[in-house]
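Here the structure is a predicted model, which means the values were calculated and not measured. Quick note on labels: first sequence line is chain A, next is B, and so on, each numbered from 1.
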Number of protein chains: 2
Amino acid sequence: MRISELSRRSGVPTATIKFYLREGLMPPGRATSATQAEYDESHLRRLRLVRALIGARGLSVSAAKEIVGSLSEVEGDTYELLGLVFGVWPGAGGGTDTGAGQGAKADGDADSSANAGQDAEVDALIAELGWDVTEFSPARKTVTRTLNTLRGLGIAYDWRALLPYARLAERTAALDLDQIEGPEDPLEKAERAVQLTFLLEPALLALRRLAQESEAAARYRGPSDRP
Amino acid sequence: MRISELSRRSGVPTATIKFYLREGLMPPGRATSATQAEYDESHLRRLRLVRALIGARGLSVSAAKEIVGSLSEVEGDTYELLGLVFGVWPGAGGGTDTGAGQGAKADGDADSSANAGQDAEVDALIAELGWDVTEFSPARKTVTRTLNTLRGLGIAYDWRALLPYARLAERTAALDLDQIEGPEDPLEKAERAVQLTFLLEPALLALRRLAQESEAAARYRGPSDRP
DNA sequence: CTAGTTAGAGAGTGGCGCTATCCATATTAG
DNA sequence: CTAATATGGATAGCGCCACTCTCTAACTAG
């Protein structure tokens, strides 16, 4: 199909598709001449995925590029492939503030790009859980940052408070992995993993919110509020 | 204290503090004259909270405003207060795409601002769980939208697939509520609820990612990959 | 008195996600 | 075969957002 049909079938303007092609969010079509290219169903699927990541999940274009990029680097077996997918962190490299307050003692540490053992708390948490993760996972830094942020707000919070959450995350992850058991093809598995990992996130947070509301009703609702 | 000290103690430029004041993210200081105002510790705490919501959590200024606004509307008891906090949804009103594809049958429904019974799937889910939530919770629409997005990608997905996730969300929410048991004052409870609800979100997603990685290693790692 | 600070308001800035325009070539309707 | 339309590629522009700068008039510390 040509670009106009791709546009019609996806609901995305051609100008935007061209933009995504330029940005590398989609592979170029098969060129049939200097000013003509042919697209197929895989382009349509990719386009819909990109739109879902950017629109529904709210990722930035560059984050979406990283994610779909991991899908294109497929070479190894299922484990490597999933490692690639799960290792992508949307906003990696964007540490905003560490909670700078009154104690302005900036220690100039040896800022290596890989984790060199700072994140000590996360290391302890992971060790306690017995998890098997690489030291390069960007998600480590996210946990560290959250802990620092909470403490910057004056809350006494250490990794132990996250332990029960982590146990539930473990079971959530098991559910996720169950759902990619279906396809045999590693590539399909990876695509399914991307969809479930990223697109389910808003729903999981929404479910937490609804559950909080329900739990608050159970704990704090006075008799006068009952219907 | 005056604005410069507020700036020094928080690390936020005065221009930005003025901007937040203009946008209503912080209450104005107590004016001592036409060009002078006095701020106190509560302003500092609010400022740090706003920064954490915008910086660490990545919320927009208007979303942050809604959230801290819920803290200011405090009048009722703990239940009402928590209902206010848990009822806020960061990006409410921003439904991006519903997964428009080939089947372009736009039914012009009576778009009422409150939920008028569409979200049937979420209703079923909530009923099955026995949750006690109002029909106005914006989180409902988020779940509906996620379901639609996944189906728009060609995945067969209905509310039943979310059931086990919801059960885990229930337990996560119980952990959240446990942690706001501390303070007696409803206002402090509410502030703690905001902190835990919103600032923990990135960490919870990061823990899921780490757990996925670990679970994938357990399930798919071949013998050759072992250290 | 003077130098510095402050509240308040408006304009300006840089980044981002598109969107519009242009041009040389291709395709296609008649 | 010609003319209208579509395409790929490139560049420039637009609208929004989160600040950031500038300015004025009033205050305050020394």
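B/Y20 and B/R51 are linked by a side-chain donor-acceptor pair at a separation below 3.5 angstrom, with hydrogens and angles left out of the test. One side chain, A/Y157 or B/Q179, offers a donor N or O that lies under 3.5 Å from an acceptor on the other.
One interatomic measurement links the two molecules: CD1 of B/I17 to C1' of D/dA18, which rounds to 15 Å at whole-angstrom precision. Rounded to whole Å, the distance from CD1 on B/I54 to P on D/dA18 is 7 Å. With rounding to whole Å, B/E38 atom CD is found 16 Å from D/dC27 atom P. We find that CG of A/L21 is positioned 14 Å from C1' of C/dC18, with the value rounded to whole Å. Summarising the geometry, the separation between CD1 on A/I3 and C1' on C/dT25 is reported as 16 Å, rounded to the nearest angstrom. With rounding to whole Å, B/L6 atom CG is found 16 Å from C/dT5 atom P. Distance, A/L59 CG to C/dC18 P: 12 Å, rounded to whole Å. One atom, CE of A/M26, and another, P of D/dG9, lie 13 Å apart when rounded to the nearest Å.
Each of A/Q36 and B/T32 has a nearest nucleotide on DNA chain D; the 5'-most of these lies closest to A/Q36. The residue among B/F19 and A/A37 whose nearest nucleotide of DNA chain D lies closer to the 5′ end is A/A37. Residues B/R2 and B/R22 each lie close to DNA chain C; by heavy-atom proximity, the contact nearer the 5' end of the strand is made by B/R2.
Residue A/S60 is classed as a sugar-phosphate contact, given heavy-atom separations below 4.0 Å to backbone atoms only. Among the atoms of the strands shown, only primed sugar atoms or phosphate atoms (P, OP1, OP2) are found under 4.0 Å from some heavy atom of B/S4. Contact annotation for B/A15: base contact, defined as any heavy-atom pair under 4.0 Å involving a base atom.
You'll find the side chain of B/V12 stays beyond 4.5 Å of the side chain of B/S7, heavy atoms only. Under the 4.5 Å side-chain criterion, counting only non-hydrogen atoms from C-beta, A/L82 is not in contact with B/E213.
Taking 4.0 Å as the cut-off between side-chain N and carboxylate O, A/R30 and A/D40 do not count as a salt-bridged pair.
Contact check, A/Y20 against C/dT19: no side-chain N or O comes under 4.0 Å of OP1 or OP2. Considering only side-chain N and O atoms, A/R51 lies under 4.0 angstrom from the phosphate OP1 or OP2 of C/dC18. A close approach under 4.0 Å does occur between a side-chain nitrogen or oxygen of B/Y39 and OP1 or OP2 of C/dA7. OP1 or OP2 of D/dT20 has at least one side-chain nitrogen or oxygen of B/T16 nearer than 4.0 Å.
Nearest to the side-chain atoms of A/T35 among the listed nucleotides D/dA26, D/dT7, C/dT19 stands D/dT7.
For B/K18 against C/dA9, a side-chain-to-base donor-acceptor contact under 3.5 Å is absent.
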